[in-house]
Amino acid sequence: MTIFPKFVKSAIISEKLRSAIAAGIHQIGEIEIRSFDSNSRFKLCHVADVDGHEGSGGEDLTIYQGPGGAREIALEGADGSNRFLKAQENLRRGWVMLLDTVEDLRLALDQFYPACVGLWLAEQEGTLEVEHLRDKLRRQSGMYQRVRVLSDEALQKLVGQTCSSVVPCARRLMWQLDANTPLLPSAASCRSGIPDGTPAGEAIPLLCREACNHFVAECLAASKAAASPASGHSRPA
Amino acid sequence: MSIAPKPSSALLIVGHGSTQNPDSSTPYFEHAEEIRRRGLFAEVHCCFWKEEPSMREAFYLFDSDEIYVVPDFISEGYFTQDVIPRELQLSGPTTVLRGKTFHYCLPVGVHPSMTGLILRRAREVAPHADPAATTLIITGHGTGFNANSTKAIRDQVALIAASGAGYAAVLDAFMEETPFIADWDKLAPTPNVVVVPFFISDGLHSYQDIPVLLGIEAEIGPAASQREVFRHNPHALRGKSLFYSSAIGTEPLIAEVILDLVSDFDITHKH
Ligand code: SF4
């Protein structure tokens, strides 16, 4: 059972974000953050469109004023797939978002990468609580209780399959199976949460502090399949 | 009811969400945006069971030390009584956790103003249908999984029947329990029938399953195009005119219900 530490009372998240940008942070996941007017206005775009919005071919980019379009942009990948894991590396290109306040920047980033700014700030301050997988599975109720029976081996396999599927989730896995059982080295477990080639001090890492509910749903499917190998998957919610 | 601004408090709307249907969490964000626009709270955020941010991640969204938690669920039940308290670590109406105070409000669906929202939705979907020649059916899932949601629907039926709205009949019907929604034409004594799904969002039930049971769709189709289902009213089916509404939780006035629940919390627990 995880006990949360006492939280350090902190200044406003947005102001910390502004300071981080002033200190050189300019990327989160697949998004480039540019600031203007002494870090009071901001511009976001897909990292692959940076040249576009610098003026060479930027005419093709759809301009969004304010954070309102962030959820829509983040909803589906370029191929129309449903991005229910927002850290999946298939964010749509072709847009630029103009934000007039740091609060709007924070709102937009919380739509693109939910809670990731707050998670990162907590990690910086030493207040981020990591919850290991067995704790998460133990507290499941209802039909999800059966996930507790999965073996360590099955869980290690699920990490590789779920966190590094066809379109991998880019979050850094911070949890282990339990306090004494680290994840086996794999493409998934070795991710830094920062895009390849970006120096650590220039990007906000995407952090996974506990297994997501998609992961737990995959555990449920695996435990059902193990119980009756012949049965197919039921439709998830 | 109007709510006094709470500039040092935050609002957290908790929803179910879905990994299958990208539209299903849209109403939560719309309600959050509407409330944010009014500037009543220092912060307004959403979190989910099936989507990101999760309930435990939501803790990292807030600057505020006082947080009102409103479950955007249709009734009391497994999620409001088991999952949300467990995930947010709430132990009662008010819980102090790591220096923050959480107030746990009642779920949206049990608020008395839902009755008015259903009537409004029914009028919107069939503006020219004479209520005296119209049956209003409120439909839900049914089965023992959540007896409270069945009860919530029956309560609404009783309230609307007693409201003087003038419908020839007001009925409950369910996907998996009698009276079955598939029998809507036999249940309804009138030429016009309005069906309002008592769900918090348009998910697979309202897009896919109920349209098949009603006979609007021959078979379950792809989720992405299902909004079309709501655009072709009335459906001439089984000798009647059928008007099918989107889920009640998509109604923009749910934002008001969320604010009412915060006010109600203060009245009940703070005075
Ligand atoms: S468990 Fe974490 S890393 Fe794995 S898919 Fe879910 S969010 Fe991504």
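Note that these values count all heavy atoms, side chains included, but never hydrogens, waters or copies made by symmetry.
Heavy atoms closer than 4.5 Å to chain B are found in the side chain of A:Leu107, but not in its backbone. Interface remark: A:Arg83 contributes no atoms to any contact with chain B (heavy atom separation under 4.5 Å). In this structure, no portion of A:Phe215 lies under 4.5 Å from any heavy atom of chain B. Contact annotation for A:Gln111: only side-chain heavy atoms (C-beta onward) come within less than 4.5 Å of a heavy atom of chain B.
In terms of heavy atoms, A:Ser141 sits closest to B:Asp82 at OG-OD2, 3.2 Å. Shown here for B:Ser18 and A:Phe84, the closest heavy-atom pair between the two residues is O-CB, 4.4 Å. Considering every non-hydrogen atom in both B:Lys50 and A:Ala217, the closest pair reads NZ-CB, 4.2 Å. Closest approach of A:Ile12 and B:Asp63 over heavy atoms only: CG2-OD2, 3.1 Å.
With rounding to the nearest 0.5 angstrom, the CD atom of B:Glu57 is 10.5 Å from the CG atom of A:Asp110. Taking CZ from A:Arg139 and CZ from B:Arg86, the interatomic distance works out to 6.5 Å, rounded to the nearest 0.5 Å. Note: B:Ser54 OG to A:Glu210 CD = 5.5 Å, rounded to the nearest 0.5 Å. One finds the CG atom of A:Leu75 at 7.0 Å from the OG atom of B:Ser25 (value rounded to the nearest 0.5 Å). Separating the CD atom in A:Glu72 from the OG1 atom in B:Thr26 is a distance of 10.0 Å, to the nearest 0.5 Å.
The choice from B:Val83, B:Leu97, B:Leu61 that makes the most heavy-atom pairs within less than 4.5 Å of chain A is B:Leu61. Between chain B and the residues A:His214, A:Lys86, A:Arg106, the most heavy-atom pairs under 4.5 angstrom are made by A:Arg106. Contacts with chain B were tallied for A:Pro114, A:Gly68, A:Cys212; A:Pro114 has the most, counting heavy-atom pairs under 4.5 Å.
Under the rule for a salt bridge (charged side-chain N to carboxylate O under 4.0 Å, His left out), A:Lys157 has no partner lying at least two apart in sequence or in another chain.
Of residues 38-48 of chain B, those residues with a non-hydrogen atom less than 4.5 Å from any non-hydrogen atom of chain A are, in numerical order, B:Glu43, B:His45.
The neighbour count for A:Arg146 CZ, taken as heavy atoms of other residues, nucleotides or ligands under 6.0 Å away, is above 12.
By the 4.5 Å heavy-atom criterion applied to side chains, B:Glu52 and A:Leu85 are counted as neighbours. Side-chain contact check for A:Glu129 versus B:Phe59: every heavy-atom pair is 4.5 Å or farther apart.
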Please determine whether side chain to side chain contact (heavy atoms under 4.5 Å, CB included) holds for the pair A:Thr127 and B:Arg98, giving the CA-CA distance in whole Å, both sets of side-chain angles, and the decisive distance to 0.1 Å. CA-CA 11 Å; A:Thr127 57; B:Arg98 288 161 273 151; over 6 Å; no

